[in-house]
Amino acid sequence: MNKHADDSQRRHSLSDWLALHELDAMTCRGLLDVMACHAAGEPAADRRLCSEYQALNREADWLRTAEAVRDFLPGQQCIIDDTLKNTVRTVVERPNQSRKALTLDNGPTAYPTIIYTYYGEPPDSLIIAHEFGHALQIRASRGKFVPPIIREVCAFLAEGALLSHAQRHDEMQYTHLSLAWMADNYKYLEKQRVRLKADLLNPNAPYKYSWNYPIARYLSFQIFGQFPQEWIWSIFQGEQSIRQVLQKISYS
């Protein structure tokens, strides 16, 4: 999750959220219906694979994530390295090893702060990639307001970069990360998609940040590996709206 310095404390509604993203209820429902085909059933945990997982330490996970994102966006090595070096990273403990992560936007003249849990398991590696994607987007956009769905697209693209990197370099790691990634797919593209579809029936429904995830997850699928890195980087820079991204995908 990414918290932007410009996020208002006023309670927003579904209508506000749609307008912010240049969406309407009909378009949103159409997207939710299309992405339903990507929503598989809840994956069963493979206990054998879990027991075979060789955990990394935190720093190794961060370095591997940065390497994966450099491979994904090779023209942006300097800002990727700068973001990794200077972003403040704070690990917190939570009850029952529950997971939570948040990237704070401290403004255009400062580096972000990432607060996260870490237990050395595959979901933690994806969380690190996700939050690094947020931090990179914050630095790339240089204080420009970026709508939440676009922020989450960038974070999911960073997750995709980590998966792609693992697929090329470490088959066992890729297997474990894929299981965690598929579990997240079920959460975003099934459970949260269904909730958003129900909420679309009430224009005055109070804003939920979780509305951003299904559409962002789906768009990241459509973008990853399909477009020039210069255009993808322009998303990180906050130069593409949801409408522009949808048009690009539709005409590709």
Stepwise side chain to side chain contact (heavy atoms under 4.5 Å, CB included) check, Phe221 with Asn185: CA-CA 11 Å; Phe221 291 167; Asn185 273 350; 3.3 Å; yes
If you measure from [atom1] on [X] to [atom2] on [Y], what distance do you get to the nearest 0.5 Å?
{"X": "Trp17", "Y": "Leu200", "atom1": "CH2", "atom2": "CG", "value": "6.5 Å"}
{"X": "Arg142", "Y": "Thr109", "atom1": "CZ", "atom2": "OG1", "value": "12.0 Å"}
{"X": "Glu152", "Y": "Leu219", "atom1": "CD", "atom2": "CG", "value": "12.0 Å"}
{"X": "Ile149", "Y": "Leu20", "atom1": "CD1", "atom2": "CG", "value": "8.5 Å"}
{"X": "His21", "Y": "Ile215", "atom1": "NE2", "atom2": "CD1", "value": "8.0 Å"}
{"X": "Leu189", "Y": "Asp184", "atom1": "CG", "atom2": "CG", "value": "10.0 Å"}

Would you check if the side chain of [X] reaches a backbone N or O of [Y] as a donor-acceptor pair within less than 3.5 Å?
{"X": "Asn212", "Y": "Tyr209", "value": "yes"}
{"X": "Ser164", "Y": "Ala161", "value": "no"}
{"X": "Thr27", "Y": "Leu23", "value": "no"}
{"X": "Tyr119", "Y": "Ser98", "value": "yes"}
{"X": "Ser220", "Y": "Arg217", "value": "yes"}
{"X": "Asp124", "Y": "Gly120", "value": "yes"}

ILVMFWY cluster, [X] and [Y] together (side-chain gap under 4.5 Å):
{"X": "Leu104", "Y": "Val91", "answer": "yes"}
{"X": "Trp233", "Y": "Trp231", "answer": "yes"}
{"X": "Leu196", "Y": "Met26", "answer": "no"}
{"X": "Val194", "Y": "Tyr213", "answer": "no"}
{"X": "Val88", "Y": "Leu63", "answer": "no"}

Check: Gln192/Ser210 side-chain N/O donor and acceptor closer than 3.5 Å: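 Not at all, the side chains of Gln192 and Ser210 share no donor-acceptor pair under 3.5 Å.
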Under 3.5 Å side-chain donor-acceptor pair for Asn106 and Thr113: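 A donor-acceptor contact under 3.5 Å links the two side chains.
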Residue Glu93 excluded, over 12 heavy atoms near CD under 6.0 Å: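 Counting neighbours around CD of Glu93, 12 or fewer heavy atoms of other residues, nucleotides or ligands fall under 6.0 Å, so no.
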Could I get the full list of salt bridge (charged side-chain N to carboxylate O under 4.0 Å, His left out) partners for [X], not counting sequence neighbours?
{"X": "Asp71", "value": "Arg168"}
{"X": "Arg70", "value": "Asp81"}
{"X": "Glu171", "value": "none"}
{"X": "Lys191", "value": "none"}

Inter- and intrachain pairs under salt bridge (Lys or Arg N to Asp or Glu O under 4.0 Å), touching residues 220-246, at least two apart: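 Passing the test, one end in residues 220-246: no pairs.
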Qualifying salt bridge (Lys or Arg N to Asp or Glu O under 4.0 Å) pairs with a residue from residues 24-34, counting only residues at least two apart or across chains: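 Sorted pair list: Asp33-Lys197.
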Cationic N near anionic O, under 4.0 Å, Arg99 to Glu121: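 Looking at Arg99 and Glu121, the cut-off is met.
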Salt bridge present between Arg64 and Asp61 (N-O < 4.0 angstrom):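 Yes, charged N to carboxylate O under 4.0 Å.
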Centroid separation Tyr188 to Phe156 less than 6.0 Å: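 Yes - the distance between ring centres of Tyr188 and Phe156 falls below the 6.0 Å cut-off.
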Centroid-centroid under 6.0 Å between Tyr116 and Trp62 rings: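 Yes, the ring of Tyr116 comes within the 6.0 Å limit of the ring of Trp62, centre to centre.
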Student check: side-chain heavy atoms of [X] and [Y] closer than 4.5 Å:
{"X": "Phe236", "Y": "Val146", "value": "no"}
{"X": "Arg139", "Y": "Pro112", "value": "yes"}
{"X": "Ile138", "Y": "Tyr111", "value": "no"}
{"X": "Leu73", "Y": "Ile232", "value": "yes"}
{"X": "Asp16", "Y": "Tyr207", "value": "no"}
{"X": "Arg11", "Y": "Pro206", "value": "yes"}
{"X": "Leu246", "Y": "Leu31", "value": "yes"}
{"X": "Leu84", "Y": "Arg89", "value": "yes"}

Test log, rule salt bridge (Lys or Arg N to Asp or Glu O under 4.0 Å), inputs Glu190 and Arg195: CA-CA 9 Å; Glu190 181 57 33; Arg195 290 172 191 159; over 6 Å; no
Glu22 vs Ser241, side chain to side chain donor-acceptor pair (under 3.5 Å): CA-CA, chis, key distance, verdict: CA-CA 8 Å; Glu22 300 178 325; Ser241 68; 3.2 Å; yes
Residues Asn204, Leu14; criterion side chain to side chain contact (heavy atoms under 4.5 Å, CB included); working and verdict: CA-CA 6 Å; Asn204 296 315; Leu14 179 81; over 6 Å; no
